[in-house]
**Q** 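This is the structure I want to talk about, given as structure tokens.
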Amino acid sequence: MGFGKGCHLHLIDGSAYIFRAYHALPPLSRKSDGLPVGAVAGFCNMLWRYLVENDASADAPTHAAVIFDYSSKTFRNEIYDLYKANRPEPPEDLRPQFPLTRDATRAFNLACIEVEDYEADDIIATLARQGREAGGRVTILSSDKDLMQLVGGGVEMLDPMKNRPIGLEQVEEKFGVGPDRVVDVQALAGDSVDNIPGAPGIGIKTAALLINEFGDLDTLLARAEEIKQPKRRQTLIDHAEQIRISRKLVLLDDQTPLEFGLDDLEVRDPDPEALLGFLNQMEFRTLTRRVAEKFDRDPPPLPEAPAPEVAAAPEPAGFDTTAYECIRDMAVLERWIADIHEAGFVALDTETTALDEMRAELVGISLAVAPGRACYVPLAHTVGEGDLFGGAALAEGQMDRDAALAALKPVLEDPAVLKILQNAKYDVKILARQGIDVAPIDDTMLLSYALHGGLHGHGMDALSDRYLNHQPIPIKTLLGSGKSARTFDKVSIDEATPYAAEDADITLRLWEAFKPQLHRARVTRVYETMERPLVPVLAAMEMAGVKVDRDVLSRMSNAFSQKMAGLEAEIHELAGETFNVGSPKQLGEILFDKMSLQGGKKGKTGAYATGADVLEDLAAEGHDLPARVLDWRQLSKLKSTYTDALQDHINPETGRVHTSYVISGASTGRLSSTDPNLQNIPIRTEEGRRIRTAFVAPEGRVLVALDYSQIELRILAHIAGIDALRDAFREGHDIHAMTASEMFGVPMDQMTSEVRRQAKAINFGVIYGISGFGLARNLRIPRAEAQGFIDRYFERFPGIRAYMDDTVAFAKEHGHVETLFGRRIHTPEINAKGPGAGFAKRAAINAPIQGTAADIIRRAMIRVPAAIADLPATMLLQVHDELVFEVDAGAVEDLVARVREVMEGAADPVVQLSVPLVVDAGQGANWAEAH
DNA sequence: ACGCTCACG
DNA sequence: GACGTACGTGAGCGTA
């Protein structure tokens with residue numbers, strides 16, 4: 001068929017596919033001879049998926065070609081010898097794969113095109129032009145911005161990973177101009193990746209501004225004198241030639257000489273023989289099998305493997321992802337459920353459409369009952385695209401979702417069946433939203449945290465690699481990454497099955513590896529009393545969420561905007577030029593180069609430090625500009641991180657903000673909070689504190705906050721056995737004033753706030769593993785003076801010095817330190833040489849104190865639900881030493897009394913503290929008032 | 001992707 | 001004697 005009206009040409013950016021495949025996949029080599037083939041494997045999977053999707057698509061192309069770069073040298077190097085000069089050479093194990101990807105393309109019976117001296121982009125430009133001129137449709141499968149100049153007049157782009165079209169609107173969003181002016185903008189802005197010089201100091205935004213003002217690049221260069229900003233004007237005049245060269249470099253050549261016509265690109269079905277032959281030669285077992293199934297053929301036998309010279313190390317885990325079962329009907333599911341009851345446990349994993357458990361939709365569930373015996377139950381995979389009028393259609397071959405969940409519910413809730421999960425809180429929340437109350441559970445992430453805290457992260461991929469010597473299928477290979485990512489429901493069931501079932505399989509094997517170690521490491525109590533029971537407690541808190549008043553935030557955002565604009569104008573005025581106040585680099589240059597202020601210090605990256613401490617020093621010397629920048633920074637932080645971002649986190653269904661706590665995030669046992677982080681809502685400045693007024697209780701309810709007073713200092717007093725401190729805490733004295741009195745000999749009734757402030761800094765310093773340097777910097781006093789304070793402190797409280805020395809010695813001997821409750825925090829760097837040693841020492845000194853405090857509040861949180869079960873109250877937030885509740889107005893007193901009792905007694909009965917724990921409480925209509 | 005800066009305990 | 005240094009986090013932004 002000749003190419004013309006009604007025809008549709010696909011131009012596939014082959015080079016981009018190769019690099020994406022290479023980076024998305026772990027290194028993989030052919031078993032028989034070790035030839036690296038990871039990128040080829042990914043490339044073939046992409047092409048196969050492409051063909052299968054076309055098969056099912058009503059909009060399939062009539063013509064198609066895969067285009068590659070011939071080599072890295074092209075005619076552009078004649079124009080500018082540094083073009084792409086800073087591109088690193090392709091990795092050693094990728095190079096031999098380039099010719100194989102051409103072979104692969106031909107094996108798929110797709111036209112494979114490359115032309116010496118031209119880039120793939122030029123060939124794509126040429127074919128796109130030909131297609132357009134012939135009156136057909138052209139789709140470029142690529143997300144490369146350098147191709148965006150081709151969009152329009154029947155040519156469009158499609159991001160192949162996400163199936164997201166890139167049309168006029170997306171181009172304009174990216175470049176601020178239409179496709180016809182993209183080249184002009186690129187010429188001005190340059191490109192550091194391709195080493196296109198452009199105009200220095202001009203980025204895409206400014207370039208678009210200029211082009212839109214003057215119409216096009218030639219006019220702009222001709223009338224450069226008219227540019228208002230003096231710096232910009234000079235830049236354009238000085239670099240006019242360089243800009244013209246840049247345009248030549250970015251402008252694609254749509255006249256590439258080609259030895260074939262569009263008609264030759266007609267889509268042909270692959271020849272099964274040739275395709276299977278190639279895949280088999282590459283030893284891609286899974287894909288070979290899949291392709292064979294599709295063509296209804298038997299997979300060809302694997303080529304005779306030459307006898308290995310040395311006996312290959314046995315695959316310790318023996319993962320066979322092809323052995324996993326996909327469950328598509330009730331009878332099979334019921335057989336699995338019977339097996340689970342028989343085993344008494346099951347490893348379980350859910351697949352969903354998002355990471356946010358409050359919005360994610362359940363797509364499928366995988367189960368494993370023994371190593372290698374795993375299955376996947378697809379529930380909500382879709383095909384095709386949803387549109388305005390409805391969602392995408394359900395894929396064929398799935399059980400009825402509700403029926404499957406109803407069948408699974410009894411076993412998932414059966415107290416006699418242990419459910420084993422990796423990061424259980426996630427799946428518990430997902431299933432809770434389906435009305436399934438998963439219990440009892442074990443969590444491999446938390447097992448690892450109890451066993452290996454401080455050694456490494458506890459994500460599944462890392463654990464599998466480290467303890468099973470197996471690299472799981474990266475989720476990226478299914479979903480893509482970045483903007484082009486798709487959601488799991490869009491993944492075909494065939495692809496999803498090995499991935500999902502493998503996760504359950506790995507979870508089960510990790511559990512078998514970890515569970516017996518708990519006792520040996522003496523962390524059974526840690527896991528059983530401070531990790532595992534926290535999962536349902538946190539799940540409930542996160543699902544409850546906290547009510548946030550959008551109007552309060554939005555009004556604050558507007559006020560901040562106005563103030564920032566005023567400050568920005570003042571700052572530019574003071575600087576004598578406009579610059580990006582938010583750029584530390586530009587600010588440093590203004591302060592220390594242009595204005596020649598003293599005190600400019602460059603960090604390791606060569607940029608001036610412009611942190612708040614530096615700016616404060618400059619402001620104290622009477623300089624206005626740094627003072628204004630400090631104000632601007634504060635507002636900018638409050639606006640972008642809080643008043644703007646928090647609004648985006650308000651769940652539209654609940655009207656509340658649902659954070660997510662990471663149980664195994666911090667090495668010390670603390671929780672961390674993400675998406676959003678509700679553990680760092682401002683409080684220290686008046687302006688910031690107002691943000692807390694947006695955290696509110698609904699009508700008729702009250703927010704109550706209870707926090708431990710000085711918990712870490714109390715723990716230090718207990719652990720180090722400092723009588724003076726203990727007595728002060730027992731008698732309820734002001735601990736910082738007491739420290740000051742002891743150290744400086746000032747009687748308590750003559751205490752000044754300045755002396756007390758210094759003593760407070762020392763008290764905190766001790767907890768952090770004090771040093772003269774650090775204290776000096778914090779108090780802004782000479783180092784010798786700070787060292788004097790520390791010496792006197794240790795003289796007065798020798799037990800503290802002993803605690804520090806003992807703790808470091810313990811860490812050196814055992815490789816870990818412990819909290820009072822037995823939590824182990826590993827200190828792998830403690831015997832390191834060099835500057836790292838100091839870090840490790842201080843961390844080791846701090847960890848038992850911070851960690852014991854973390855243990856105590858964990859214990860309290862676990863006991864709270866039962867203690868308040870009969871009250872109309874909900875626990876919402878934890879901020880390290882504080883718990884926040886929402887409660888009916890009439891029950892405040894009861895709640896405070898109950899929770900205070902739990903919190904103050906949370907160390908009992910495992911540890912009898914020699915200091916009392918004291919809890920302060922506050923209440924109000926919002927979080928600011930509750931303090 | 002990484003460093004800087006800054007919010008909290 | 002020099003080296004860098006307070007402990008633990010997460011998010012947004014600019015830069016490369």
Side-chain angles (χ1 to χ4, degrees), chain A residues 23 86 190-193 195 203 205 454 481-482 579-588 603-615 629-630 632-642 644-646 648-649 659-662 665-685 687-689 691-692 707-708 710-712 716 761-779 783 786 790 825 833-851 853-854 857 877-882:
Chain A
H23 291 293
N86 47 14
D191 186 335
S192 58
V193 178
N195 209 26
K205 281 234 166 124
S481 64
F579 68 102
N580 184 350
V581 183
S583 160
K585 182 166 173 276
Q586 293 180 31
L587 176 64
K604 48 193 158 206
T605 54
Y608 288 113
T610 67
D613 48 349
V614 176
L615 299 189
V629 172
L630 280 169
W632 184 91
R633 282 226 182 122
Q634 194 200 358
L635 297 177
S636 164
K637 178 78 175 182
L638 294 177
K639 181 171 185 305
S640 68
T641 309
Y642 300 105
D644 284 353
L646 271 175
D648 298 335
H649 280 286
T659 184
S660 184
Y661 291 100
V662 185
S667 58
T668 54
R670 274 194 179 179
L671 304 179
S672 73
S673 158
T674 65
D675 305 304
N677 181 354
L678 294 185
Q679 291 181 320
N680 71 348
I681 303 302
I683 191 167
R684 291 174 186 170
T685 67
E687 198 133 45
R689 194 188 183 105
I691 290 171
R692 295 195 172 216
D707 68 286
Y708 284 109
Q710 310 281 13
I711 186 166
E712 293 191 354
L716 175 67
I762 297 168
N763 276 333
F764 275 106
V766 168
I767 292 174
Y768 297 149
I770 199 161
S771 77
F773 181 93
L775 184 64
R777 203 169 69 163
N778 192 280
L779 285 176
R783 188 169 164 176
I790 294 170
I825 297 124
K833 299 264 180 284
F839 278 114
K841 265 190 192 177
R842 290 191 297 272
I845 290 165
N846 172 258
I849 303 168
Q850 192 183 111
I857 197 165
L877 302 174
Q878 189 251 41
V879 193
H880 307 308
D881 64 0
E882 170 186 5

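Letters A, B, ... are given to chains in the order of the sequence lines, protein chains preceding strands, and every chain is numbered from 1.
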**Q** Look at all strands and tell whether Q586(A) reaches a base, only sugar-phosphate, or nothing, counting heavy atoms closer than 4.0 Å.
**A** sugar-phosphate
**Q** Counting the atoms with a prime plus P, OP1 and OP2 as sugar-phosphate, which does A844(A) contact under 4.0 Å by heavy atoms, base, sugar-phosphate, or nothing?
**A** nothing
**Q** Which is the 5'-most and which the 3'-most nucleotide of DNA chain C that has an atom under 4.0 Å from a heavy atom of chain A?
**A** dG4(C) to dA16(C)
**Q** Using the criterion of both pairing distances under 3.5 Å for Watson-Crick and G-U wobble pairs, give all stems of 3 or more consecutive pairs involving DNA chain C.
**A**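 B:1-9 with C:7-15 - these are the stems of 3 or more pairs that involve DNA chain C.
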**Q** Counting any heavy atom closer than 4.0 Å, what does A645(A) reach on the DNA or RNA strands: base, sugar-phosphate only, or nothing?
**A** sugar-phosphate
**Q** Kindly say whether W632(A) contributes a backbone atom to a donor-acceptor pair with the side chain of S636(A) at under 3.5 angstrom?
**A** no
**Q** Classify the nucleic acid contact of K637(A) as base, sugar-phosphate or nothing, counting any heavy atom under 4.0 Å across all strands shown.
**A**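 It contacts base atoms.
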**Q** Give G611(A) one of three labels, base, sugar-phosphate or nothing, depending on what nucleic acid heavy atoms sit under 4.0 Å from its own.
**A** sugar-phosphate
**Q** Could you tell me whether D707(A) contacts a base, only the sugar-phosphate backbone, or nothing, with contacts defined as non-hydrogen atoms closer than 4.0 Å?
**A**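 Nothing, no nucleic acid heavy atom in range.
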**Q** By a strict heavy-atom criterion of less than 4.0 Å, which residues belonging to residues 665-674 of chain A are in contact with DNA chain B?
**A**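 Output list: R670(A).
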**Q** For the residue pair I770(A) and I762(A), establish whether any side-chain heavy-atom pair is separated by less than 4.5 Å.
**A**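 Yes - at least one pair of side-chain heavy atoms lies under 4.5 Å apart.
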**Q** Return the value, rounded to whole Å, for the distance between atom CD1 of I849(A) and atom C1' of dG9(B).
**A**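 One finds 14 Å between C1' of dG9(B) and CD1 of I849(A), rounded.
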**Q** Taking 4.0 Å as the cut-off, does a side-chain nitrogen or oxygen of R684(A) come that near to OP1 or OP2 on dA7(B)?
**A** no
**Q** Would you say the side chain of I681(A) lies within less than 4.5 Å of the side chain of L646(A), judging by non-hydrogen atoms?
**A** yes
**Q** Which atom pair, heavy atoms only, marks the closest approach of L671(A) to H880(A)?
**A**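 Minimum heavy-atom contact is O-CE1, 3.5 Å.
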**Q** Roughly how far apart, to the nearest Å, are dC6(B) and dA2(C) at atom C1'?
**A** 31 Å
**Q** Considering every strand and a 4.0 Å limit on heavy-atom distances, what is the contact class for G582(A): base, sugar-phosphate, or nothing?
**A** sugar-phosphate
**Q** When all nucleic acid strands are considered with a 4.0 Å heavy-atom cut-off, which category describes A609(A): base, sugar-phosphate, or nothing?
**A**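 Counting heavy atoms under 4.0 Å across all strands, the contact made by A609(A) is with sugar-phosphate only.
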**Q** For the atom pair CG (L635(A)) and CG (L630(A)), what is the distance rounded to the nearest 0.5 Å?
**A** 11.0 Å
